[in-house]
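Scroll down for the structure; my scribbles are underneath it.
Naming convention: chains lettered A, B, ... in sequence-line order (proteins, then strands); numbering from 1 in each chain.
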Amino acid sequence: MKYEFLKIEKKWQEYWDRNRTFKIGEDPTKKKLYILDMFPYPSGSGLHVGHPEGYTATDIVTRYKRMSGFNVLHPIGWDAFGLPAERYAMQTNIHPRTTTAENIATFRRQIKMLGLSYDWDREVDTTDPQYYRWTQWIFLQLYNSWFDPRSKKARPIETLREEFRARGTSALEVEHSFTASEWIGKTPLQQQAALAEYRLAYIAEIPVNWCEQLGTVLANEEVDEWTEKGYSVVRRPMKQWMMRITAYAERLLEDADELDWPISTLEQQRNWIGRSEGAHIDFPIRDSHQHIRVFTTRPDTLFGATYMVLAPEHPLVDVLTSVTERSHVERYRKEAARKSDVERGAEQEKTGIFTGSYAINPATREQIPIWIADYVLMGYGTGAIMAVPGHDQRDFEFAKKFNLPIRRVVEAGQDDDAAYEGEGLGVNSSGEEVSLDALSTPDAKKTIIAWLEKKSLGRARVQFKLHDWLFSRQRYWGEPIPIIHMEDGTLRQVPESELPLLLPELAKFQPSGTTESPLALATNWVNYVDPADGKKGRRETNTMPQWAGSCWYYLRYIDPSNERQFCDPAKEKYWMPVDLYIGGAEHAVLHLMYARFWHKVLFDLGHVSTKEPFMKLRHQGLILGEDSRKMSKSRGNVINPDTVVGEYGADSMRLFEMFMGPLEEMKPWSTRSVEGVFRFLNRVWRLFVTEEETIDASIQDIPPTEEFEKLYHQTVKKVSLDIEALRFNTAISQLMIFTNEAMKLEVKPRALLRNFVLVLSPFAPHIAEELWERLGNKESLAFESWPSYDPGKVIEKTIEVVFQVNGKVRSRVEVPLDTPEEELERLALDDVGVKRHIDGKPIKRKIVVKNKLVNFVVGS
RNA sequence: GCCGAAGUGGCGGAAUUGGCAGACGCGCUGGACUCAAAAUCCAGUCUGGCUCACACCAGGUGGGGGUUCGACUCCCCCCUUCGGCACCA
């Protein structure tokens with residue numbers, strides 16, 4: 001009988017479904033493992049070959065660990081909100097819900113076709129109101145929390161309100177301080193504005209990335225993706241919901257050290273957070289009581305600050321611009337505003353313009369001119385810098401172009417054409433009150449900061465590149481934000497008991513025509529009247545970004561149908577954290593940082609028990625087309641999983657994707673190689689099953705030969721260790737070696753071949769189940785125990801030792817394991833090949849390594 | 001420009017507390033089976049030299065240098081590819 005993969009695979013997929021084979025629950029007697037895939041966005045084009053790579057990897061580990069006695073949580077779901085369904089709706093007026101359901105059905109069919117052992121009773125869908133009800137609930141948790149810098153934790157906003165009532169801002173270091181009585185004197189709107197400065201979710205009017213074609217704003221993290229696709233993004237000030245992720249910058253950075261994640265991913269997160277240590281320094285403005293605050297990482301170069309530069313958007317520019325310069329400055333600001341950040345960055349030449357005003361360098365007491373230039377960004381630090389052209393290349397270029405003075409204040413080699421940005425001893429840095437001369441850079445930093453702090457002119461400061469997360473989108477197909485804007489300007493939240501706040505039905509899907517989302521068109525939904533007091537309001541029309549649903553889905557899997565809580569605490573405690581998480585590297589700073597942030601907030605508020613969600617993370621490498629180029633429709637090199645499974649079967653597909661090479665590496669598809677693993681499975685089939693559909697008569701209850709038994713134990717060992725280390729390619733290679741040897745045997749020991757089926761099963765579960773059944777077993781092998789290996793039987797009895805002369809292999813001999821060194825040496829000296837190369841020359845040195853080699857170093 | 005990862009046969013890749021380079025698979029070559037083909041099985045396959053052949057010799061893991069009895073593995077410099085960041089003060 002031929003290996004009829006289609007029949008076999010269908011049979012076992014139905015069996016697993018019917019028997020709910022992979023359904024699991026909490027079991028305190030077993031050790032738990034949580035093995036997670038990044039859930040897919042169910043696009044209209046269906047699964048591509050990249051999906052099964054990660055999914056198969058986790059499935060192999062899951063099946064292996066399950067058989068090794070672990071209680072393994074391995075779920076799947078759908079990240080189903082997103083723009084494509086909404087755009088399709090605008091063209092066809094077909095509700096995104098319908099499109100999404102169809103796409104999910106396709107994905108589900110395709111994933112089931114691969115024989116992945118998910119617990120399908122835990123499937124989640126971010127667009128399901130019973131799911132997004134809790135996304136909205138978590139949003140309200142964030143809205144109703146603030147970050148207490150003293151404990152570095154999120155706390156309920158009520159605690160802040162109490163603190164303000166009791167002692168104002170006296171115990172907090174804040175910009176807008178007030179006393180308790182001032183707080184009490186504030187109007188509700190003023191109080192609301194004050195609290196907004198602390199909430200973890202808040203509304204702010206800031207310059208955002210607006211994309212006209214998409215009709216929505218984008219997060220900083222998303223801009224690149226869309227501009228690459230040819231969309232244009234402009235900065236414009238808009239009122240938007242923000243998430244105060246910056247409050248967690250330090251913890252996101254620190255806790256990353258404990259994660260078993262790819263170095264490059266951790267590095268990307270570190271870069272994105274962008275921590276730098278330095279100081280704030282206030283420069284008094286001449287003829288004014290105001291000052292300009294700058295951030296610098298090199299306060300030690302303060303004596304070299306010969307001018308200042310403000311970002312064109314800096315709020316002080318208006319005040320500083322002198323009458324004579326006003327027209328120039330205005331023109332420059334307009335030009336800068338027109339350019340995008342990318343355009344600004346692309347410019348070779350520095351541009352800028354003098355404001356007509358001067359500041360005082362607090363160290364030298366000199367007057368220094370204040371300029372504006374677009375190489376200073378409003379979005380980082382204070383939007384103003386002290387320019388030290390002697391020790392900053394950008395300032396140097398600017399100073400050269402505009403003939404501004406350059407003063408060297410750090411000792412360096414002679415190079416007049418560039419700034420010296422390294423460290424060194426201070427020079428030209430003596431003032432009346434403080435001197436940095438002859439101090440090393442770190443000492444100079446300490447000294448100057450101490451002086452600045454004493455004089456109240458500045459203080460040490462840690463600055464982050466990370467910005468708060470722009471959280472609202474002008475879209476229909478997303479989670480509604482459960483907030484109501486009342487007519488009097490106050491914000492109300494939709495009570496928890498009224499969640500989920502459902503998306504309204506629309507007669508026609510179309511853009512709102514304004515900067516609002518299409519939700520604005522649902523008049524009945526938008527307009528709100530409080531049933532109790534009759535006050536009127538308007539619902540928030542923005543929706544949440546796609547990242548919202550994926551920020552916490554791993555928690556919902558734990559308790560997917562709980563109607564009272566997002567997740568039962570006892571279950572959460574049992575399953576969390578995620579032990580292994582596999583998904584694409586493209587989420588390194590988006591999903592993976594947002595999810596960590598939300599998780600930390602939930603942790604602070606006592607809703608989850610771990611400070612990090614994902615302990616071990618790996619990325620699957622990109623699968624390229626057969627031509628080693630990225631798969632794309634336009635190149636015509638796209639491989640469709642349906643076709644592959646149809647021609648060779650799911651087991652071959654799984655095996656091939658794992659055999660191609662290391663999981664994390666980028667690698668090209670090869671249909672020839674799929675045939676290779678397909679041949680292997682055919683060989684496995686023929687190893688067990690005859691043409692007449694019986695179990696091969698050569699499989700008998702006999703003891704194995706010593707040689708074959710050793711190979712068996714080696715195989716079990718290698719496959720076990722390789723799965724643990726996610727080295728699936730070498731595990732499969734060992735399975736092939738075992739099969740090739742077994743084929744050669746005239747009689748085959750049944751016990752060992754039986755266990756081989758178990759060892760094969762995580763990789764090729766369908767054929768394994770079929771063989772298992774044909775070997776006379778009644779139950780699925782999914783919960784059979786994983787074969788153990790005997791370390792004593794893995795070891796070779798004899799071993800090949802090489803004899804070298806001057807480091808070159810001249811002979812090899814087979815000797816018993818652990819042959820003593822003296823014996824090896826004697827054998828080597830007797831060896832013909834060795835003798836020939838020693839050729840009577842004196843032996844200067846002997847190196848003998850047991851079980852490895854003998855090396856003679858001889859004179860010439 | 002800066003940060004990170006990686007360069008091994010015709011191809012995908014194996015082998016690192018420094019100790020036989022090329023496991024396994026693909027492809028290719030030859031053979032068996034067959035009327036023939038497919039499928040399957042067996043043998044060979046890093047390069048060069050020498051040889052009827054076996055054997056033997058030399059070279060070989062992006063390039064150059066170094067450490068070492070011995071380097072794909074460790075150190076320094078350079079080149080290439082991929083990923084990320086990119087006026088972040």
> With nearest nucleotides of RNA chain B determined for A:E397 and A:V857 from heavy-atom distances, which residue corresponds to the more 5′ nucleotide?
Replying inline: A:V857
>> Quick check on contacts: within residues 300-308 of chain A, what sits under 4.0 Å from RNA chain B by heavy-atom distance?
In response: none
> In B/S/- notation, 5' to 3', how is nucleotides 4-22 of chain B contacted by protein heavy atoms closer than 4.0 Å?
Replying inline: S-------BSS----BB--
>> Distance check, P atoms only: B:rU61 and B:rA71, in whole angstrom units.
In response: 11 Å
> Taking O4'-C1'-N9-C4 for purines and O4'-C1'-N1-C2 for pyrimidines, is B:rG10 syn (within 90° of 0) or anti?
Replying inline: anti
> With no hydrogens and no angle check, do the side chains of A:S276 and A:Y380 hold a donor and an acceptor under 3.5 Å apart?
Replying inline: yes
> Between A:N806 (CG) and B:rU68 (C1'), how many Å, whole number?
Replying inline: 13 Å
> Out of curiosity, A:W547 CH2 to A:M593 CE, how far, rounded to the nearest 0.5 Å?
Replying inline: 11.5 Å
> With rounding to whole Å, what would you report as the distance between B:rG49 and B:rC24 at their C1' atoms?
Replying inline: 31 Å
> So what does A:R810 hit on the nucleic acid, given a heavy-atom distance under 4.0 Å: a base, only sugar-phosphate, or nothing?
Replying inline: sugar-phosphate
> When the P atoms of B:rC74 and B:rC20 are considered, how many whole Å apart are they?
Replying inline: 15 Å
Which atom pairs link the protein and nucleotides 73-77 of chain B when you take only N or O atoms and keep those under 3.5 Å?
none

> In whole Å, what separates the P atom of B:rU51 from that of B:rA36?
Replying inline: 39 Å
>> If you apply the rule side-chain contact (heavy atoms from CB on, under 4.5 Å), what do you find for A:V801 with A:L827, and how did you get there?
In response: CA-CA 10 Å; A:V801 166; A:L827 284 168; over 6 Å; no
> Counting side-chain heavy atoms from C-beta on, which of B:rG59, B:rC57, B:rC24 comes nearest to A:M736?
Replying inline: B:rC24
> Residues two or more places apart in sequence or in another chain: which of them pass side-chain contact (heavy atoms from CB on, under 4.5 Å) with A:D282?
Replying inline: A:H291, A:R293
> Who pairs with A:R826 by side-chain contact (heavy atoms from CB on, under 4.5 Å), at least two apart in sequence or on another chain?
Replying inline: A:E823, A:D830
> When rounded to the nearest Å, what value does the distance between C1' atoms of B:rG13 and B:rA23 take?
Replying inline: 10 Å
> C1' atom, B:rC42 versus B:rC52: distance in rounded Å?
Replying inline: 24 Å
>> Quick check on side-chain hydrogen bond (donor to acceptor under 3.5 Å, both in side chains): which of A:E741, A:K710, A:Q734 does A:T715 satisfy it with?
In response: A:Q734
> In chain order, what residues pass the ring-ring contact (aromatic ring centres under 6.0 Å, His included) check against A:F398, with sequence neighbours excluded?
Replying inline: A:Y307, A:W371, A:Y375, A:F402
> Considering heavy-atom distances to RNA chain B, does A:Q268 or A:G274 have its closest nucleotide positioned more toward the 5' end?
Replying inline: A:Q268
> Would you say the base of B:rC87 and the side-chain of A:K350 have a donor-acceptor pair closer than 3.5 Å?
Replying inline: yes
> Looking only at atom C1', what distance separates B:rG4 and B:rA86, rounded to whole Å?
Replying inline: 14 Å
> If you look only at pairs with a residue in residues 795-832 of chain A, which of them pass as a ring-ring contact (aromatic ring centres under 6.0 Å, His included), with sequence neighbours excluded?
Replying inline: none
>> Between B:rG12 and B:rG7, how far apart are the two C1' atoms, rounded to whole Å?
In response: 15 Å
Every protein N/O lying under 3.5 Å from an N/O of nucleotides 41-44 of chain B:
{"unit_1": "B:rC41", "atom_1": "OP1", "unit_2": "A:R686", "atom_2": "NH2", "d": "3.4"}

>> Between A:E675 and A:R672, is the salt bridge (charged side-chain N to carboxylate O under 4.0 Å, His left out) condition met? List the steps.
In response: CA-CA 5 Å; A:E675 283 170 21; A:R672 294 250 195 223; 5.0 Å; no
> Quick one: ring-ring contact (aromatic ring centres under 6.0 Å, His included) partners of A:W261, sequence neighbours excluded?
Replying inline: none
> Relative to each other, are the rings of A:Y648 and A:F678 parallel, tilted or perpendicular (30° and 60° limits)?
Replying inline: perpendicular
> A:Q393 has an atom CD; how far is it from atom P of B:rC87, in whole Å?
Replying inline: 15 Å
> What residues, two or more places apart in sequence or in another chain, satisfy side-chain contact (heavy atoms from CB on, under 4.5 Å) together with A:T739?
Replying inline: A:F680, A:R683, A:V684, A:L687, A:M743, A:F756
> How far apart are the C-alpha atoms of A:D831 and A:R836, what are their side-chain angles, what is the distance that settles it, and do they pass the salt bridge (charged side-chain N to carboxylate O under 4.0 Å, His left out) test?
Replying inline: CA-CA 9 Å; A:D831 190 272; A:R836 188 169 59 237; over 6 Å; no
> OP1, OP2 of B:rC57 versus side-chain N and O of A:H837: anything below 4.0 Å?
Replying inline: yes
>> Once pairs are restricted to Watson-Crick or G-U wobble with both distances under 3.5 Å, how does RNA chain B read as a dot-bracket string, [ ] for crossings and | for other-strand pairs?
In response: (((((((..(((......[....)))((((((.......))))))((((......))))..(((((..]....))))))))))))....
>> In this structure, how many angstroms lie between the P atom of B:rC28 and the CD atom of A:E675, rounded?
In response: 11 Å
> What distance do A:I281 atom CD1 and A:I449 atom CD1 have between them, rounded to the nearest 0.5 Å?
Replying inline: 7.5 Å
> Crowded around A:K616 NZ? As in, over 12 foreign heavy atoms under 6.0 Å?
Replying inline: yes
>> Within a 6.0 Å radius of atom NZ on A:K401, are there more than 12 heavy atoms belonging to other residues, nucleotides or ligands?
In response: yes
>> Need one value for A:K846: base, sugar-phosphate or nothing, where a base atom within 4.0 Å counts as base even if backbone is also close, heavy atoms only.
In response: nothing
> Residues in side-chain contact (heavy atoms from CB on, under 4.5 Å) with A:V849, at least two apart?
Replying inline: A:I847, A:K852, A:L853
